[in-house]
Engineer: 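Could you have a look at this structure, given as structure tokens, before my questions?
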2 protein chains.
Amino acid sequence: MAQPDTVTRILDTAEVLFAERGFAETSLRTITSKAKVNLAAVNYHFGSKKSLIQAVFARYLDPFTERFHRALDELEHAYGGKVIPLEVLLETMARTVLEVPAERNSLKVFMKLLGLAYSQAQGHLRRYIQEEYGSVFTRFTELVRQATPELPDHERFWRLHFMLGTVIFTLSGLDALRDIAEKDYGEHVTVRDLIRRLRPVVVSAMQAPLPEPALQAGQA
Amino acid sequence: MAQPDTVTRILDTAEVLFAERGFAETSLRTITSKAKVNLAAVNYHFGSKKSLIQAVFARYLDPFTERFHRALDELEHAYGGKVIPLEVLLETMARTVLEVPAERNSLKVFMKLLGLAYSQAQGHLRRYIQEEYGSVFTRFTELVRQATPELPDHERFWRLHFMLGTVIFTLSGLDALRDIAEKDYGEHVTVRDLIRRLRPVVVSAMQAPLPEPALQAGQA
DNA sequence: CCACGTTTGAAACAGATGTTTATAATCAGG
DNA sequence: CCTGATTATAAACATCTGTTTCAAACGTGG
């Protein structure tokens, strides 16, 4: 649709700045000057700042959803109608998340962007992501449902979001946490390290005992 | 420091708007017009927008840290040097978090603000919170350390942050999730509901088996 | 080599932002 | 009641924002 050079430079610069400072806090002038590109280039190639933001996400989410669908295809074929264990499903998702930005070593950026999509974007972004990429998530949750038949539907819904929060929060705040961890435990933590640590936690969390039933209304 | 009326009206309005749209996305003009207060009042009473943001946080965190310290005092006294069980510690923290904004029914706002503090404010806010309120968290983690002696220090460090992520992410994104949950499961979820659901998940997560040791470098 | 669609470039636009200023109102204490 | 400090108001300030405009440069097919 355009010379790859300018467009790519804008995207590369924008995703880093967005991840570092958020959307509203990153001006087009900051992006274009750092990318050594004319200010008008953003509006020319993307139309608006909103569309730039969506394009930044699309560059991660398009390959992700494609790979994830493929991975789930293979999994369903391999298990031939039998239930896919929860660990395998989680493992597959983790692997796919790791694969996509691996080429550019931008997993951290990817995670920060996902975090921002939840916490910042009030309107257009969340809607865009939901409409554009909601189907993979639906497919995944259905497989999780089959893998955890003992969980009531709404309990599983919430637990999945609990774990989504765990992962996104941790990986998107990684830099700040890493500094503390490094200072206190003298250990440099990689993303792969964290995912290794996350796995047993997530699995145990999903298999936690059911909560005690809610108390009826009327208590302070 | 000033007439309570104007200052309070500004704080009340600002915290809601910040929670809804973030800091950069909320202008002083939006705040002052909604609060029916002159634009200059913010700079007069608080000095700057940054200080307004910190004041909004202080109004929650000051009572929180005070209550939490008191609660930990009581706990340590009650257990008289013996180890306080993990469930009790988590329960106490949850109860304190619930108590603080209870008077104004603003728990949702409180949680959203905490989420924003992590995801948005790159600079001043995180530093402010760390310096002003870091000591309670240190005290709490030390008690958690005694309650979970089987966990290596760095593993506990990360798991605590995992769980922090779970809670903040869920409760701060509650509105969006609630809409989905309500539509799909016809159930209106309260914050107390969520905390009830969170408890067994958090406890199980903290007690999950240790991760398998890291593979040595050299694999793709 | 020329002409035409595509891409860049510098400048200007209209509007919003946080902050400051100078003046008016308010309210207490002598 | 008058005085003096505190608080409120309206206007202006300088700066920054996303977006447009229009002319120049570019590259490519005829």
Side-chain angles (χ1 to χ4, degrees), chain A residues 1-59 113 116-117 120-125 127-128, chain B residues 1-59 113 116-117 120-125 127-128:
Chain A
M1 195 177 247
Q3 287 268 89
D5 218 18
T6 300
V7 168
T8 308
R9 265 215 309 279
I10 292 176
L11 286 173
D12 286 347
T13 313
E15 71 174 26
V16 174
L17 290 173
F18 284 155
E20 282 175 355
R21 321 137 86 117
F23 303 120
E25 295 87 344
T26 306
S27 71
L28 292 184
R29 283 173 174 80
T30 310
I31 296 173
T32 52
S33 76
K34 194 154 197 164
K36 289 192 194 9
V37 154
N38 190 271
L39 169 62
V42 168
N43 289 283
Y44 177 75
H45 287 287
F46 297 93
S48 68
K49 189 181 180 182
K50 268 189 194 175
S51 308
L52 206 215
I53 295 174
Q54 295 180 356
V56 165
F57 273 85
R59 203 161 59 136
L113 290 177
L116 288 180
Q120 288 219 9
Q122 47 278 43
H124 72 106
L125 226 197
R127 236 174 298 135
Y128 170 77
Chain B
M1 195 176 243
Q3 287 268 87
D5 217 20
T6 300
V7 168
T8 307
R9 263 215 311 278
I10 292 175
L11 286 173
D12 287 347
T13 313
E15 69 174 28
V16 175
L17 290 173
F18 285 154
E20 282 174 355
R21 321 136 87 118
F23 303 120
E25 295 87 344
T26 305
S27 73
L28 292 184
R29 284 173 173 78
T30 309
I31 295 173
T32 53
S33 77
K34 193 155 199 166
K36 291 196 195 7
V37 154
N38 190 272
L39 167 62
V42 168
N43 289 281
Y44 176 74
H45 287 288
F46 297 94
S48 67
K49 187 180 181 180
K50 267 189 194 175
S51 309
L52 205 213
I53 295 175
Q54 296 180 357
V56 165
F57 274 85
R59 204 158 61 133
L113 290 176
L116 289 180
Q120 289 220 9
Q122 48 275 49
H124 72 106
L125 226 198
R127 234 174 299 135
Y128 170 78

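In the text below, chain A, chain B and the rest are named by the order of the sequence lines, each starting its count at 1. Remember, predicted model here, so these are calculated numbers, not experimental data. All values below were derived from every heavy atom in this structure, side-chain atoms included, with hydrogens, water molecules and symmetry-related copies excluded.
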Engineer: With a 4.0 Å cutoff (strictly under), does any side-chain N or O of B:Thr6 reach OP1 or OP2 of D:dT7?
Structural biologist: no

Engineer: Of the nucleotides D:dA10, C:dT6, D:dG18, which one has an atom closest to the side chain of B:Ala40?
Structural biologist: D:dA10

Engineer: Would you mind telling me which of C:dT19, C:dT8, C:dA11 lies closest to the side-chain atoms of A:Leu39?
Structural biologist: C:dA11

Engineer: Within this structure, what is the CZ-to-P distance between A:Phe23 and D:dT17, rounded to whole angstrom?
Structural biologist: 17 Å

Engineer: Taking 4.0 Å as the cut-off, does a side-chain nitrogen or oxygen of B:Ser27 come that near to OP1 or OP2 on C:dT17?
Structural biologist: yes

Engineer: Rounded to whole Å, how long is the line connecting atom OH of B:Tyr44 with atom P of D:dA8?
Structural biologist: 7 Å

Engineer: Which nucleotide wins on minimum distance to the side chain of A:Lys49, given the candidates C:dT19, D:dG18, D:dT9?
Structural biologist: D:dG18

Engineer: Is the phosphate of D:dA8, meaning OP1 or OP2, less than 4.0 Å from a side-chain N or O of B:Asn38?
Structural biologist: no

Engineer: Roughly, in whole Å, what's the span from CD1 in B:Ile31 to P in C:dT19?
Structural biologist: 11 Å

Engineer: CD1/A:Ile31 to CZ/A:Arg9 distance, rounded to the nearest 0.5 angstrom?
Structural biologist: 13.5 Å

Engineer: What is the minimum heavy-atom distance between A:Ala19 and A:Leu113, and which atoms define it?
Structural biologist: N-CD2, 4.2 Å

Engineer: What is the separation between atom NZ on B:Lys36 and atom P on D:dA10, rounded to the nearest whole Å?
Structural biologist: 14 Å

Engineer: Would you call A:Arg59 and A:Asp12 a salt bridge, using N to O less than 4.0 angstrom?
Structural biologist: yes

Engineer: In whole angstroms, how far is the P atom of C:dT17 from the CD atom of A:Glu25?
Structural biologist: 14 Å

Engineer: Without decimals, in angstroms, what is the distance between B:Asn43 CG and D:dT6 P?
Structural biologist: 19 Å

Engineer: Measure the acute angle between the ring planes of B:Phe23 and B:Phe18, then classify it against the limits of 30° and 60° as parallel, tilted or perpendicular.
Structural biologist: perpendicular

Engineer: Ignoring the backbone of B:His45, work out which of D:dA8, D:dG18, C:dT20 is nearest its side chain.
Structural biologist: D:dA8

Engineer: Does the side chain of B:Asn43 come within less than 4.5 Å of B:Leu28's, by heavy atoms?
Structural biologist: yes

Engineer: Would you kindly give the NZ-to-P distance between A:Lys50 and D:dT17, to the nearest whole Å?
Structural biologist: 19 Å

Engineer: In whole Å, what is the span from the CG atom of A:Asp5 to the P atom of C:dT7?
Structural biologist: 13 Å

Engineer: Of A:Val37 and B:Ser48, whose nearest nucleotide on DNA chain C comes first from the 5' end?
Structural biologist: A:Val37

Engineer: With heavy atoms under 4.0 Å as the rule, sort A:Thr26 into base, sugar-phosphate or nothing.
Structural biologist: sugar-phosphate

Engineer: Of the nucleotides C:dT6, C:dT17, D:dG18, which has the atom closest to the B:Arg29 side chain?
Structural biologist: C:dT17

Engineer: When we call it a touch if two heavy atoms are under 4.0 Å apart, what does A:Thr32 touch: a base, just sugar-phosphate, or nothing?
Structural biologist: nothing

